[in-house]
2 protein chains.
Amino acid sequence: MSRLPVHPTRDQIELPLVLDCLSDPTRLAIVCSLAEHEEAATELCCGDFYNFAGKSNLAYHFARLREAGLVKTRIEGTTRYMRLRRDDLDARFPGLIGAVLQAAAREAKGRDPVS
Amino acid sequence: MSRLPVHPTRDQIELPLVLDCLSDPTRLAIVCSLAEHEEAATELCCGDFYNFAGKSNLAYHFARLREAGLVKTRIEGTTRYMRLRRDDLDARFPGLIGAVLQAAAREAKGRDPVS
DNA sequence: CCCATTGTTCAAAATTCATTGAACAATTGG
DNA sequence: CCAATTGTTCAATGAATTTTGAACAATGGG
């Protein structure tokens, strides 16, 4: 693709941007998915989220996630693999991302009539 | 004043609203101040935040904080005392508000309306 | 009762955000 | 080289947020 994506360094990550990213349902869902697959060691690319939103809308959300420092993009060929920058986030804001993920899981559970 | 403010119950508090509230710098500063004065057992009213924003803008932000379940308003005479709903937040989203407050403290914004 | 204090409410303006489709760029495979 | 795949970028649109000032309401003191 055009230019390689720019990521903030660990100490350039700013709290309001992070929280703003997480306050959007689409982006929160993306982050949750990335967190789940982080353990499974499977990498996710943009195309894996086409059921979340349209293609160009996804690019917009991923750009915001990248610029906020939540997500790291690795380019391989024409696909871009995303991963949660959990270590950087934990170092900068200890416990924050974990608490958000846990809260999101709890809310999803409360809305799920099956579980 | 007109009508008494409406607050969501503990289990009506929703994560995206909470995060959206906290992602705004003005509201985050308000929440941080409330958290600090929570230990000091001093109550804060709207007027204590006049250096954060204009009067009617503050009313807007406080309304959002109330509706999101972050803040409880107690009316006494013509003044309204605000306090952080920390117990409810901790019960609903364990560790979340603490992590956010710690993260915000790290970003050192030192705007205390009282001290 | 009068009036200052404390905040809310309303409407308007300014700003920002999310979403869409079309065009574009880069890489891979045949 | 040609075509398909994968995403980005751009412009436009509509929606939601933030901000401001003026008017309003409720309380308490003199």
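Within every chain, numbering begins at 1; the chains are lettered A, B, ... in the order of the sequence lines, protein sequences first and strands thereafter.
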How many Å lie between [atom1] on [X] and [atom2] on [N], as a whole number?
X	N	atom1	atom2	result
A:L44	D:dG7	CG	P	11 Å
B:E67	D:dT17	CD	P	11 Å
B:L17	D:dT17	CG	P	9 Å
B:D20	C:dT16	CG	C1'	12 Å
B:F49	C:dT6	CZ	C1'	15 Å
B:D48	C:dT5	CG	P	16 Å
A:R74	C:dA26	CZ	C1'	17 Å
A:Y81	D:dT8	OH	P	14 Å

Minimum-distance nucleotide to [X] side chain [options: [options]]:
X	options	result
B:T78	D:dT27, C:dT19, D:dT6	D:dT27
A:A59	D:dT8, D:dG7, C:dA18	D:dT8
A:Y60	C:dC17, D:dT18, D:dT8	C:dC17
A:H61	D:dT8, C:dG7, C:dT19	C:dT19

For the pair A:R27 (side chain) and A:L22 (backbone), establish whether a donor and an acceptor sit closer than 3.5 Å, ignoring hydrogens and angles.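 Side chain of A:R27 to backbone of A:L22: no pair is present.
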Hey, does the side chain of A:R80 come within less than 4.0 Å of D:dT6's phosphate (OP1/OP2), counting only N and O?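 Result: no.
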Please check the phosphate of D:dT18 (OP1 and OP2 only) for any side-chain N or O of B:R64 closer than 4.0 Å.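 Answer is yes, contact under 4.0 Å.
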Could you tell me whether A:F62 contacts a base, only the sugar-phosphate backbone, or nothing, with contacts defined as non-hydrogen atoms closer than 4.0 Å?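 Since no nucleic acid heavy atom lies under 4.0 Å of A:F62, the category is nothing.
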If you take any heavy atom closer than 4.0 Å to DNA chain D, which residues from residues 26-38 of chain A end up in contact?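 Within this stretch, nothing sits under 4.0 Å of the strand.
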A:S33: which residues meet the side chain to side chain contact (heavy atoms under 4.5 Å, CB included) condition with it, sequence neighbours left out?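 Side chain to side chain contact (heavy atoms under 4.5 Å, CB included) check on A:S33 returns A:L44, A:F49, A:F52.
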Please evaluate the base of C:dG21 for a donor-acceptor partner in the side chain of A:S56 within a cut-off of under 3.5 Å?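 By the distance-only test, yes, there is a pair.
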Scan A:L15, A:D90, A:L101 and name whichever one has a side-chain contact (heavy atoms from CB on, under 4.5 Å) with A:L96.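 It is A:L15, the one option of A:L15, A:D90, A:L101 that forms the side-chain contact (heavy atoms from CB on, under 4.5 Å) with A:L96.
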Which heavy atom in A:V71 sits nearest to a heavy atom in A:H7, and how many Å separate them?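 Shortest heavy-atom separation between A:V71 and A:H7 comes out as O-CD2, 3.3 Å.
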Could you tell me which non-hydrogen atom of A:P16 sits nearest to which non-hydrogen atom of B:E107, and how far apart they are?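 Result for this residue pair: CD-OE1, 3.7 Å.
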Taking for each residue the nucleotide of DNA chain C with the nearest heavy atom, is it A:E76 or A:G54 whose nucleotide lies nearer the 5' end?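 Per heavy-atom nearest nucleotide, the more 5' residue is A:G54.
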Between A:R86 and A:E38, does any side-chain N to carboxylate O distance fall below 4.0 Å?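 Looking at A:E38 together with A:R86, the answer is yes, because their closest N to O distance falls below 4.0 Å.
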Answer yes when B:D20 and B:R64 have at least one side-chain N-carboxylate O distance shorter than 4.0 Å, and no when they do not.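 Looking at B:R64 together with B:D20, the answer is yes, because their closest N to O distance falls below 4.0 Å.
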